[in-house]
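Quick caveat, the model's predicted, so the values are computed rather than measured. Just so we're on the same page: letters track the sequence lines, and every chain starts at 1.
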Amino acid sequence: MIDVQLLRTQLDEVAARLATRGVPFDTDGFRALEIERKAIQTRTQELQSARNAHAKKVGQAKARGEDTTVLVAEAGGINRELGELEARLADAQRQLNDFLAGVPNLPHASVPVGKGEADNVEQRRCGAPREFEFAAKDHVDLGEGLGQLDFALGSKIAGSRFVVMRGALARLHRGIAQFMLDLHSTEHGYTEVYAPYIVNADSMYGTGQLPKFEQDLFIVPRSEEKWYLIPTAEVPVTNIVRDTIVPGESLPLKFVCHTPCFRSEAGSYGKDTRGMIRQHQFDKVELVQVVRPDASYDALEALTAHAETVLQKLDLPYRVMALCTGDIGAASAKTYDLEVWLPAQKAYREISSCSNFEAYQARRMQARFRNARGKPELVHTLNGSGLAVGRTLVAILENYQNADGSVTIPGALRPYMRGQERIEKEAA
RNA sequence: GGAAGGGUGGCAGAGUGGUCGAAUGCACCGGUCUUGAAAACCGGCAAGGCGCAAGCCUUCGAGGGUUCGAAUCCCUCCCCUUCCGCCA
């Protein structure tokens, strides 16, 4: 949630900055809602004050043993008007809240202004793409050739955009996640977390998936309300601090969490339909930080570097992109994407997204710490993939493939493969 | 799934219709004392909203209801604890 004070005091500047996202901000609509809200709120509070004073008088009169019939009758009049106004106030506040809940975060001043993907700015590259002396296959051909990756089976069991892995490939997939968890928890200072894969609506609202992006989620129906399958560990892990005041000295909080992620991918029909790039279910190791506001941009650089370390240790070529205003997520103030080289596509593809949300999520979650003056203040939250496990598997298959269709296992992962050096076709 | 008991400030925990935004303790902040610290003593100390301010309003798990007036009474739901059942 954007700071409503900012909208009240600097509406035009804020609207102009929001407009760089390519989503028009309705300043007139906001002004109208504000004027309405303010008028109703002022009058409602006057009446509430009158009611309270009146009720007190009745109490005092009763205590003195006086007759209260007249006073009570007067209160009836106040309450009739008040009842109506309170309903209108609730309505006005709900409208304003709905409006605010849909307003994206303000992009940080350092975010390049642009319309879309093409305007993202490359920050750096690491590792040179390997030259193949044979025609590089994509991960689908490689995995199916090895007999260890089965999309048809995924479709039979669940539907399109699901996959079944088996044997060494399934083990490698597990090993990748373990490797990442170990790296971040032992070398980067993150506390490992295990968290629910199903969350309630409050949690989804807190991190910003609701109310606007319900169509991207898998819903688990429940009596009265709904549960949701998490689209990323960001949701359960960041919500650890929802509705809490964290002791200032315990900041920063750094969590790493491996979970499956579930995304309905509504609206992306026909996009990345081949292979494991875009699945309804995939695993991801997520990094989450909760920090003091003055530390969040340093934390973003550090967190991004932590994610990059994984790619470096796996010797996978990648580049870092600063997303432009038109491409960053709604809740984010600044985002770096890590893109890994995929030889078959001859392109860099997203494998991690690292964002600073500043107080946007914290405000929705009421996640605070006690500042030097002893007053509660909103924390800043960040997260980034460290990394997407499925896409890392894809990158390893494609970058480490051999002419005979086998795949060399990167050295860093061999401890997780009982020392195995290559994945080869297994007897069925 | 059944039974019982609970959800109150950062934490613990009083409060069963009015002067309760809420005792008390802990924690925290300021002061006295002390070479310094501790202890002791004194004072302060919930959050959010509106307002230039004085101040006003809201909030005792959530929502609804009764009442002139609800933390307190009634209804529904959620959550927690203990016991029983079932179960990885």
| What about A:Y360 and A:H380, are their ring centers closer than 6.0 Å? | no
| message | Within residues 32-44 of chain A, which residues have any heavy atom lying less than 4.0 Å from an atom of RNA chain B? | response | A:R37, A:K38, A:Q41
| query | Under 4.0 Å between a side-chain N or O of A:N52 and OP1 or OP2 of B:C57? | reply | yes
| A:N200 CG to B:C77 C1', straight-line distance once rounded to whole Å | 14 Å
Extract all donor-acceptor atom pairs below 3.5 Å that involve side chains of residues 92-103 of chain A and protein atoms in other chains or at least two apart in sequence.
residue: A:R94; atom: NH2; partner: A:D91; partner atom: OD1; Å: 2.5
residue: A:Q95; atom: NE2; partner: A:D91; partner atom: OD2; Å: 3.3

| said: Could you tell me if A:E398 and A:H139 have a donor-acceptor pair between their side chains, going purely by distance under 3.5 Å? | reply: yes
| message | A:Q209: which residues meet the side chain to side chain donor-acceptor pair (under 3.5 Å) condition with it, sequence neighbours left out? | response | A:T207
| If we take the C1' atom in both B:U59 and B:U72, what is their distance in whole Å? | 16 Å
| Are more than 12 heavy atoms from other residues, nucleotides or ligands located less than 6.0 Å from atom CD of A:Q123? | yes
| Under 3.5 Å: donor-acceptor pair, side chain of A:S406, backbone of A:E424 | no
| task | Could you list all the salt bridge (charged side-chain N to carboxylate O under 4.0 Å, His left out) pairs where at least one residue sits in residues 173-186 of chain A, not counting sequence neighbours? | result | none
Each nucleotide N or O in nucleotides 79-81 of chain B that has a protein N or O under 3.5 Å away: list the pair and distance.
residue: B:C79; atom: OP1; partner: A:R222; partner atom: NH2; Å: 3.0

| message | Taking the ring centre of each residue, are A:H108 and A:Y297 less than 6.0 Å apart? | response | yes
| said: Testing the basics here: between A:D119 and A:C324, what is the closest heavy-atom pair and its distance to 0.1 Å? | reply: O-CB, 3.7 Å
| message | Suppose we define a pair by two distances each less than 3.5 Å, Watson-Crick or G-U wobble; what does B:U58 pair with here? | response | B:A47
Got a list of protein N/O to nucleotides 59-66 of chain B N/O distances below 3.5 Å?
none

| request: Only pairs at least two apart or in different chains count here, so list each salt bridge (charged side-chain N to carboxylate O under 4.0 Å, His left out) that has a residue in residues 285-299 of chain A. | output: A:K284-A:E286
| task | Using the salt bridge (charged side-chain N to carboxylate O under 4.0 Å, His left out) rule, collect all pairs that involve residues 238-265 of chain A, keeping only residues at least two apart or in two chains. | result | A:E265-A:R278
| Minimum heavy-atom separation for A:M276 to A:Q279, with atom names? | O-CG, 3.6 Å
| request: Check whether any side-chain nitrogen or oxygen of A:S49 sits under 4.0 Å from OP1 or OP2 of B:C57, and answer yes or no. | output: yes
| Can you tell me how far P in B:A71 sits from the matching atom in B:G61, rounded to whole Å? | 10 Å
Can you name the atoms? Protein N/O to nucleotides 46-48 of chain B N/O, anything below 3.5 Å, with the distance.
residue: B:A47; atom: O3'; partner: A:R368; partner atom: NH1; Å: 3.1

| field | Least distance between heavy atoms, A:P221 atom then A:I219 atom | value | CD-O, 3.6 Å
| query | Distance between the C1' atoms of B:G49 and B:A40, in whole angstroms? | reply | 41 Å
| field | Contact list for residues 39-55 of chain A, test salt bridge (charged side-chain N to carboxylate O under 4.0 Å, His left out), sequence neighbours left out | value | A:R43-A:E46, A:R43-A:E81
| remark: In whole angstroms, the gap separating P of B:G18 from CD of A:Q60 amounts to 13 Å
| Test side chain to side chain donor-acceptor pair (under 3.5 Å) applied to A:H54 - qualifying residues, sequence neighbours left out | A:E74
N/O to N/O distances under 3.5 Å, protein versus nucleotides 68-71 of chain B:
residue: B:C68; atom: O3'; partner: A:N79; partner atom: ND2; Å: 3.0
residue: B:C68; atom: N4; partner: A:K62; partner atom: NZ; Å: 3.1
residue: B:G69; atom: OP1; partner: A:N79; partner atom: ND2; Å: 3.1

| query | In terms of the angle between their ring planes, are A:Y190 and A:H188 parallel, tilted or perpendicular, with boundaries placed at 30° and 60°? | reply | perpendicular
